[in-house]
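Notes follow the structure.
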Amino acid sequence: MQNFTFKCPTEIVFGRHAEDQVAEKIRAYGGSRVFIVYGGGSVVRSGLLSRIECQLTANGLAFQVLGGVQPNPRLSLVREGVREALLFKANFILAVGGGSVIDSAKAIAHGVANPHTDVWDFWTGHAKLEKTTPMGSVLTIAAAGSETSDSAVLTNEETSRKMGLNTPLNRPVVAFMNPELTFTVPKRQLVCGISDILMHTMERYFTNVKAENMLTDYVAESVIKTVMNKSRVAIENQEDYDAMSEIMWCGSVSHCDFTGLGRGKDFSCHKLGHELSARYDVTHGASLTSVWEAWAEYVYRDDPTRFAQYAERIFGIETGTEEERARLGIEKMVAYFQGIGMPVSLKELFGKTLSNETITELADLATAGDTKKLGTFHPLTKKDVIAIYKLANH
Ligand code: NZQ
Ligand code: ZN
């Protein structure tokens with residue numbers, strides 16, 4: 001097992017009526033002026049936002065609201081949020097929504113604590129983030145895991161760059177997770193979220209660490225099996241509280257780093273996917289499943305034992321050579337994604353294939369002109385990235 005440091009300080013309030021504790025907890029974290037961030041309107045339509053506003057008012061907490069966060073959240077709205085939250089003198093930022101809203105709220109929290117720095121400088125590495133404002137979330141969709149993660153992903157629409165920032169300061173202080181709030185998630189977002197949770201776990205399972213790491217492997221495999229099992233129930237009946245509870249909790253566990261302790265992470269499919277989302281605004285989960293098979297086909301020979309273990313423990317594949325088991329495991333995983341309605345190639349994602357010229361441009365951006373390698377399982381050069389996009393381009 002590799003050395004690691006693990007600190008996931010987010011307080012989780014999980015279950016029915018979890019959001020009823022918003023005011024009490026915000027107060028406990030020192031908040032008195034709450035800047036609420038939400039998305040395109042689902043929380044207005046469901047009545048969740050007004051319930052939270054009433055609760056804050058009843059408990060004497062001042063608040064201001066900013067809506068309009070889009071999936072693949074944009075930097076321009078974050079900058080607007082920073083300006084408004086500073087004018088309001090916010091001392092707590094509350095996200096009400098999914099990963100896009102939470103990531104925007106994280107960025108606004110950083111901007112409020114650092115009013116003289118443009119927040120994007122933290123993402124590009126031009127400025128170092130050393131302090132932030134307490135923030136929390138009322139989660140409405142099981143997907144990105146941002147409610148506990150140390151990551152926040154923004155899109156700079158001026159430069160078409162979608163980038164993540166990883167820092168312990170991105171960990172929210174509190175997350176309210178009521179599975180009932182996910183009952184209204186559109187089916188397509190549900191399956192994209194399920195895929196994202198699986199990918200967060202797999203991108204930690206397939207790394208180049210050869211040393212035994214039994215507990216972390218079992219944790220990751222359990223998350224994957226639980227999500228696969230419960231996704232069938234949830235897709236059939238999205239109001240199945242127990243299924244949605246399991247999926248929601250797996251979303252947080254999968255991306256808080258617990259599924260990768262001692263093994264680190266790869267995340268090259270995420271980087272390949274972010275380039276597709278930055279340019280074409282495609283849904284995050286779909287960007288991942290569209291490239292996963294190509295990535296796996298391209299790299300599995302680096303460590304077929306690992307892929308064979310995955311095949312055996314996730315799909316019960318015990319016969320055949322190691323190579324055959326590894327390949328069958330990849331096929332089964334792709335069949336699973338197809339079975340829940342996810343695209344598994346670029347043509348399925350876009351309805352057409354990409355030109356070779358576009359693929360080269362995307363690879364250039366992903367690898368910063370071939371100066372950076374992606375991932376750890378098989379660190380990908382620009383040539384590798386081009387090869388993977390081409391493999392996925394059918
Ligand atoms: O905007 P509203 O109207 O709320 O609708 C949203 C949005 O259209 C809708 N939705 C969410 N909860 C709903 C609901 N609709 C009805 N009822 C509900 N209860 O779902 C749509 C997608 O929302 P979004 O927040 O974009 O989804 P998700 O949680 O999948 O977040 C995706 C974003 O997170 C980033 C992705 O790249 C993408 O930008 N990620 C963030 C990570 C992190 N911070 O740790 C890690 C991930 O790997 C990922 O990169
Ligand atoms: Zn993801």
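Every number for a ligand or one of its atoms is a count from 1 in the order of the listing.
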Ignoring hydrogens, tell whether any protein atom lies closer than 4.0 Å to [atom]; use the non-hydrogen atoms only.
atom: atom 47 (C) of ligand 1; answer: yes
atom: atom 11 (C) of ligand 1; answer: yes
atom: atom 23 (O) of ligand 1; answer: no

Ligand 1 and [X], any nitrogen or oxygen pair closer than 3.5 angstrom?
X: G99; answer: yes
X: D103; answer: yes
X: S42; answer: yes
X: S100; answer: yes
X: G40; answer: yes
X: G145; answer: no
X: I141; answer: no

Can you tell which part of [X] has a heavy atom less than 4.0 Å from ligand 1: side chain, backbone, both or neither?
X: I102; result: neither
X: A143; result: side chain
X: H274; result: side chain
X: A152; result: backbone
X: T184; result: both

Query raised in the report: Strictly under 2.8 Å, is any N, O or S atom of H200 next to the Zn ion (ligand 2)?
Result: yes

Pair [X] and [Y], ring centroids less than 6.0 Å apart:
X: H378; Y: F307; result: no
X: F206; Y: Y300; result: no
X: F92; Y: F35; result: no

Report task. Specify whether W123 and W120 have parallel, tilted or perpendicular ring planes, treating 30° as the upper limit for parallel and 60° as the lower limit for perpendicular. Result -> parallel

Requested in this report: Assign the ring pair Y310 / F315 to parallel, tilted or perpendicular, where the plane angle (0 to 90°) is split at 30° and 60°.
Outcome: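 Y310 and F315: perpendicular rings.
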
Do the charged groups of [X] and [Y] touch, with an N to O distance under 4.0 Å?
X: D281; Y: R74; value: yes
X: E361; Y: R279; value: yes
X: R204; Y: D266; value: no
X: D370; Y: K383; value: no
X: E11; Y: K25; value: yes
X: D240; Y: K230; value: no

Taking 4.0 angstrom as the limit and counting only heavy atoms of [X], give me the atoms of ligand 1 inside it, by number and element.
X: P186; result: 15 (N), 16 (C)
X: G39; result: 1 (O)
X: G98; result: 25 (O), 29 (O)
X: Q189; result: 20 (O), 21 (C), 22 (C)
X: H270; result: 48 (O)
X: A144; result: 29 (O), 31 (O), 34 (O), 40 (N), 41 (C), 42 (C), 45 (O), 46 (C), 47 (C)
X: N72; result: 39 (O)
X: H255; result: 45 (O), 46 (C)

Between [X] and [Y]: side-chain donor-acceptor atoms closer than 3.5 Å:
X: S245; Y: D242; answer: no
X: H255; Y: D196; answer: no
X: T358; Y: Y389; answer: no

**Report entry** Atom of H394, atom of L391 and distance for their closest heavy-atom approach
**Finding:** CD2-O, 3.0 Å

Report task. Identify the two heavy atoms, one from A152 and one from K106, that lie closest to each other, and give their separation to 0.1 Å. Result -> CB-CD, 3.8 Å

Quick one: does [X] get a heavy atom under 4.0 Å from ligand 1?
X: H200; answer: yes
X: L181; answer: yes
X: P73; answer: yes

Identify, for [atom], the protein heavy atom at the shortest distance, and state residue, atom and that distance.
atom: atom 45 (O) of ligand 1; result: S149 OG, 2.6 Å
atom: atom 37 (O) of ligand 1; result: K162 NZ, 2.7 Å
atom: atom 8 (O) of ligand 1; result: P71 CG, 3.9 Å
atom: atom 36 (C) of ligand 1; result: H284 CG, 3.5 Å

Requested in this report: Quick one: the NE2 of H284, the Zn ion (ligand 2), OD1 of D196 angle, rounded to 10°, please.
Outcome: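 Approximately 90° at the metal, rounded to tens of degrees.
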
Query raised in the report: Just by distance, do the side chain of N114 and the backbone of H110 share a donor-acceptor pair under 3.5 Å?
Result: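 Between the backbone of H110 and the side chain of N114 there is a qualifying donor-acceptor contact (under 3.5 Å).
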
Query raised in the report: Taking the side chain from T201 and the backbone from S254, do they hold a donor-acceptor pair closer than 3.5 Å?
Result: no

Report task. Could you please spell out the steps behind the side chain to side chain contact (heavy atoms under 4.5 Å, CB included) verdict for K390 and N356? Result -> CA-CA 8 Å; K390 282 188 176 171; N356 285 343; 3.4 Å; yes

Query - Nearest candidate to atom 13 (C) of ligand 1, where distance is taken over non-hydrogen atoms, out of V44, V185, T155 - result: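 Closest candidate by heavy-atom distance is V185.
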
